[in-house]
Amino acid sequence: MNMPDIMTGAEAVVESLRREGIEIVFGYPGGAVLPLYDVLYESDIRHILVRHEQGAAHAADGYARATGKVGVCIATSGPGATNLVTGIATAYMDSVPIVALTGQVPRVLIGNDAFQEADICGITMPITKHNYLVKDEQELPRIMKEAFYIASTGRPGPVLIDLPKDVQTEEIEFDYPKEIVMRGYKPKVKGNEQQIKRAALTILESERPVIYAGGGVIISNASEELRMLAEKIMAPVTASLMGTGAFPDEHPLSLGMLGMHGTRYANYAIQQSDLIIAIGTRFDDRATGKVDAFAPEAKIIHIDVDPAEIGKNVRVDIPIVGDCKQVLQSLLKYIDRACNSEVWLRKVEEWKKEYPLTYTYSESVIKPQYVVEEIYRACKDAIIVTEVGQNQMWARQFFRYKDPRTFISSGGLGTMGYGFPASIGAKLGRPDKVVFDIAGDGSFLMNSQELATAVSNDVPVIVAILNNGYLGMVRQWQELFFCRRYSHTCLEGSVDFVKLAESYGALGLRAERPSEVRGVIEEALRANMPTVIDFICDPEENVMPMVPAGAAINEFVEVRNKSENKLLVGAVA
Amino acid sequence: MRYTLAVLVENKPGVLARVAGLFARRGYNIDSLAVGVTDNPEISRMTIVVRGDEKVIEQVIKQLNKLVDVIKISMLSEKESVERSLALFKVSADSKTRPTIMQIVDIFRAKIIDVGSKSLIIEITGDEDKINAMERLLRSYGILEVCRTGKIAMNRGLKSVSYEK
Ligand SMILES: Cc1ncc(C[n+]2csc(CCOP(=O)(O)OP(=O)(O)O)c2C)c(N)n1
Ligand SMILES: [Mg+2]
């Protein structure tokens, strides 16, 4: 007979982590997780002590995005748990599998406003895929098993487990379930064959097809199938921000990103297409612009694992619910030739020639786009993590991505401060890769304390601050839509980033002229240690092209003269 | 339009909060909600009346389905289902008005479940229209207190909302 092991709740949690193959966790201790930390003390699971719990959530998220595995973060009750909230919401919006373990006050005190009590299950209900308050220690193995299963299957997402302190110390019979029985959770992975056939016929009839790929392609590891589909039917491919890396930027059929800061040719192609094949994407307003004016001439095929995304934002002609990879594999079976897209591809090619992504290089002042290009030149297969704002858009526009999981960015929530801790998680998950955090001077300060984490754990990430002295993206909107009234967006004179880095024991570098850019990047790469590079950039560079919020995606902002900043087209958001 | 949903959920603490929270944060309008356990003690049944157009109701159902604790959702059609709710009315009644009130109670096949010297409590079950009609009639006697449940509903005939493994 199989004797179940007797162990404490805390031991059961750690044993469950081991059974799930977890090698690394990100956390910060406190009273309500003392028993758990006591077990971690002797465990072979690596614990990374962050310096703020938000950093733990983002690091777990960056780890998950870079590796495709589940990221784990730990915080104590009350303020520890609430500090995770932004990180959990970030992961939720971008469908990232993380499991958050929080301490909770002992069961008898729950509901009494006990010291460091916060109802974290209530707080995170709208930003988790599911959450648990463990009321019976015997349920721990089942809950742990379910949590990892829910986080990583279907449309992935964060799951939180709230662990009252006394649950961690009670003894249980540990028997890790082999199977999962959840009558309310059965993700559908296989697409409807009839619908897939219909989709294939529609595809073969189309003459102006565009494939619109999203983060779902990356999540389901369907990049190869995506490429095969595009090449087989000869359709150009655009991707949302989250879909960056799903299809190689250098591929002749690539259109780059669509939407607010997408390429002109991607947006024009969408607007004139007769068939949109949307794969693993949710038609976010940043990608579609004004929904009623989106792809007015196109039929839409929508493939997604989450049925609730289908028909949510745009009308869909052929819905297919299922895992992107599986659906694409089935779809490919029905496709034996290309569409009649030759004329269309020539037109797309003309747009690409006519409206390339560009900027005006300067000899005297560093253009942020130039920094991104130089990072690309120096390290083409780096993982690029970003902060939020202009830096994020330039990181997308001027680096040429070729592989999935090499562009990591907070797309849905747009969380400033995400990039740096996420880059630590990404580097720990992919130590073989060079990892850059392309940052803004505002965003970096939101989690710069994680320099201590990077230094003490020897995680050699490179933070490239595109320092424009502004909350640049907000300033850009003020410039374009609020008559250049720069209300509280100037960060001038705030920090010496070199000294900041040095005070943590990291390497601090600075480039003030374009001629210095290449040198400092190379120096940072050679140093192979946590590094911050302060690139002093043109303060008022704008991200272009730009479609104003609420406009159709072919209605671009036209800036006639940079010094006047006259607006020709543009709705105010 | 109003739609009636029968929703089977895990009979666990917090499930009502998950469902109610979903409606609140996505801006769906609930007209009424009633919950009770089913013949399987692990499963509760909610009857939810939602207001919205077809697109909204489709989203409501899909979003509800995403909740891990939601097991099954069925939409009940007005024609093919029966619905009931229950109401208690406390009305003021003296020796003069009592007989006419009791007549109304009779006509509606309602019940008097408490008699005080100056008041009565009336219990009525029925569909909403019936309860509303009674309320209108009682109003002139002076309604002191009203307590109404959410609606519950069930398919007519053999068709049933149940969970099969
Ligand atoms: C936590 C958070 N607060 C506020 C915002 C709003 N916001 C979006 S971009 C931006 C400016 C970012 O400035 P910086 O990091 O310097 O990047 P830049 O745009 O200058 O490259 C702000 C404030 C946000 N996205 N996240
Ligand atoms: Mg800035």
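So that the names make sense, note that chain A is the first sequence line, chain B the second, and so on, each numbered from 1.
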Q) Is it true that atom NZ of A/Lys325 has more than 12 heavy atoms of other residues, nucleotides or ligands lying nearer than 6.0 Å? A) yes
Q.
Tell me every residue that passes salt bridge (Lys or Arg N to Asp or Glu O under 4.0 Å) with B/Glu10, counting only those two or more places apart in sequence or in another chain.
A. A/Arg183
Kindly list each side-chain donor-acceptor pair under 3.5 angstrom involving residues 66-73 of chain B, sequence neighbours excluded, with atom names and distances?
residue, atom, partner, partner atom, Å
B/Lys66, NZ, A/Asp306, OD2, 2.5
B/Asp69, OD2, B/Arg18, NE, 3.4
B/Lys72, NZ, B/Ser162, O, 3.0

Q | Enclosure of B/Lys111 NZ (heavy-atom neighbours >12, cutoff 6.0 Å) | A | no
Q: Decide if atom NZ of A/Lys290 counts as having more than 12 heavy atoms of other residues, nucleotides or ligands within a radius under 6.0 Å.
A: no
Q) Of the backbone (N, CA, C, O) and the side chain (C-beta and beyond), which part of A/Leu133 lies under 4.5 Å from a heavy atom of chain B, both, or neither? A) neither
Q. Who in residues 27-37 of chain B is close to chain A, using a strict under-4.5 Å heavy-atom cut-off?
A. none
**Q.** Contact summary for A/Ala308 and B/Gln63, nearest pair of heavy atoms
**A.** CB-NE2, 3.6 Å
Q. With chain B, which of A/Lys135, A/Glu146, A/Met182, A/Lys312 has the greatest number of heavy-atom pairs at distances under 4.5 Å?
A. A/Lys312
Q: Mark yes when over 12 heavy atoms from residues, nucleotides or ligands other than B/Ile152 sit less than 6.0 Å from its CD1; otherwise mark no.
A: no
(Q) With chain A as the partner, which of B/Lys12, B/Lys55, B/Arg26 has the greatest number of non-hydrogen pairs under 4.5 Å? (A) B/Lys55
Q.
Are A/Met125 and B/Leu22 packed together at the side-chain level, in the sense that at least one heavy-atom pair is separated by less than 4.5 angstrom?
A. no
Which atom pairs, donor and acceptor, lie under 3.5 Å between side-chain atoms of residues 130-139 of chain B and protein residues at least two apart or in another chain?
residue, atom, partner, partner atom, Å
B/Lys130, NZ, B/Phe108, O, 3.2
B/Lys130, NZ, B/Thr125, O, 3.2
B/Asn132, OD1, B/Arg148, NH1, 2.8
B/Asn132, OD1, B/Arg148, NH2, 3.1
B/Asn132, ND2, B/Glu128, O, 3.4
B/Glu135, OE1, B/Arg148, NH1, 3.3

